[in-house]
Asker: 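One structure follows; several queries about it will come next.
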Amino acid sequence: MPSDRSPDSAIAALDRALRSVFAPARATRPAPGNPQQDAAALTAAQQRESAALMRVNHSGELAAQALYHGQALMARSEATRAMLLEAARCEADHLAWCETRLAELNARPSLLNPLWYAGSFAIGALTALAGDRISLGFVVETERQVEGHLDQHLGRLPVGDARSRAILKTMRAEEIQHGATAAAAGGERLPAPVCALMRGTARVMTGTAYWV
Ligand SMILES: [Fe+2]
Ligand SMILES: [Fe+2]
């Protein structure tokens with residue numbers, strides 16, 4: 001089987017990157033929740049808060065997709081690469097759901113999304129150079145941190161925003177699954193300083209995407 005590091009795969013990776021960042025996200029499954037539960041149920045301030053949180057989640061999903069695309073490019077085994085690309089496809093649904101909700105809230109995604117994608121792709125590709133077990137361990141830790149982040153957002157969302165809440169709850173359940181799949185595939189536990197560095201990097205992105 002061809003390696004994902006062939007020129008064809010580099011072109012495929014570039015194609016995935018351009019689609020992820022610049023094309024409207026397309027979901028393979030409808031967004032959870034009731035589309036009728038729209039911004040009209042929220043005050044202007046609540047709508048702004050929901051939009052800021054969903055913008056952060058949208059950037060987070062794009063970054064997760066970029067990490068997995070970068071890791072897939074440099075994966076050593078076909079099985080790991082297939083697993084990473086499957087997880088990235090699921091993140092594409094999450095991305096589309098956040099995009100749908102942002103539009104319902106009359107808000108736009110982060111202007112810095114190309115930067116989040118490029119940085120995350122590079123981190124993913126570099127991580128994968130350390131080998132598949134470390135790369136899978138990185139997925140486990142990423143998903144664990146995303147789960148914690150989603151818990152925080154579920155607590156911060158305005159009470160009346162049932163639609164955003166339904167989207168985040170479904171995402172949370174699926175992130176747990178991604179982490180469990182990567183752990184079962186042999187993901188190694190990462191050293192504590194690496195986990196702390198990952199948390200710090202994510203904080204820069206989530207802190208910025210809330211505003212920009
Ligand atoms: Fe996700
Ligand atoms: Fe995930």
Side-chain angles (χ1 to χ4, degrees), residues 16-17 19-21 23-33 50 52-73 75 79-102 109-110 113 116-117 119-121 123-125 127-128 132 134-157 163-190 195 198-199 201-203 205-206 209-210:
R16 280 195 286 270
R19 281 175 202 275
S20 299
V21 178
R26 283 217 200 105
T28 59
R29 299 166 291 161
S50 281
L53 295 175
M54 292 311 281
R55 182 160 49 246
V56 171
N57 290 313
H58 182 267
S59 292
E61 292 302 327
L62 186 72
Q65 223 186 356
L67 285 173
Y68 301 160
H69 285 163
Q71 287 174 267
L73 181 69
T80 302
R81 188 173 75 89
M83 207 209 77
L84 288 160
L85 290 178
E86 182 51 39
R89 269 189 288 276
C90 189
E91 310 301 354
D93 273 358
H94 298 176
L95 183 73
W97 298 344
C98 291
E99 205 164 298
T100 297
R101 187 55 183 151
L102 275 174
S110 170
N113 274 347
W116 308 137
Y117 188 95
S120 302
F121 185 95
I123 291 172
T127 302
D132 283 5
I134 296 285
S135 192
L136 290 167
F138 187 84
V139 174
V140 175
E141 180 58 24
T142 299
E143 298 290 2
R144 199 181 65 79
Q145 292 188 12
V146 172
E147 183 193 345
H149 156 87
L150 288 173
D151 280 339
Q152 276 184 19
H153 274 206
L154 282 165
R156 285 174 66 185
L157 272 178
R163 167 75 151 167
S164 299
R165 184 164 282 104
I167 291 172
L168 296 195
K169 277 189 173 167
T170 305
M171 278 164 45
R172 183 183 181 279
E174 294 183 355
E175 311 306 8
I176 291 171
Q177 277 256 291
H178 296 157
T181 305
E188 260 177 34
R189 203 185 179 93
L190 301 184
C195 300
M198 288 167 71
R199 262 193 303 278
T201 309
R203 211 169 293 137
M205 190 198 73
T206 56
Y210 184 89

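Atoms within a ligand are numbered from 1 in the order they appear, just like the ligands themselves.
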Asker: Check whether any side-chain heavy atom of Val146 sits under 4.5 Å from a side-chain heavy atom of His178, and report yes or no.
Answerer: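 No, side chains not in contact.
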Asker: Fit a plane to each ring of Tyr117 and Phe121, take the angle between them on a 0 to 90° scale, and name the class: parallel (under 30°), tilted (30 to 60°) or perpendicular (over 60°).
Answerer: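 Parallel: the ring planes of Tyr117 and Phe121 meet at under 30°.
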Asker: So, for Tyr210 and Arg55, which heavy atoms are closest and what is the spacing to 0.1 Å?
Answerer: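 Closest approach of Tyr210 to Arg55: O-NH2, 3.1 Å.
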Asker: Check the Fe ion (ligand 2) and write out every protein N, O or S atom at under 2.8 Å, as residue and atom.
Answerer: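 The answer is Glu91 OE2, Glu143 OE1, Glu143 OE2, Glu175 OE1, His178 ND1.
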Asker: Does the pair Arg89/Glu86 count as a salt bridge with the N-to-O cut at 4.0 Å?
Answerer: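 Counted as a salt bridge, because a side-chain N and a carboxylate O are separated by less than 4.0 Å.
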Asker: For Ala63, check side-chain contact (heavy atoms from CB on, under 4.5 Å) against everything at least two apart and list the hits.
Answerer: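 Ala63 satisfies side-chain contact (heavy atoms from CB on, under 4.5 Å) with Ser120, Met205 once adjacent residues are dropped.
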Asker: With side chains defined as the heavy atoms from C-beta onward, is the minimum distance between Ser135 and Arg81 less than 4.5 Å?
Answerer: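 In short, these two side chains do not touch, never coming nearer than 4.5 Å.
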Asker: Report the atom name of the nearest N/O/S atom of Glu61 relative to the Fe ion (ligand 1).
Answerer: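 The Fe ion (ligand 1) is closest to the Glu61 atom OE1, counting only N, O or S.
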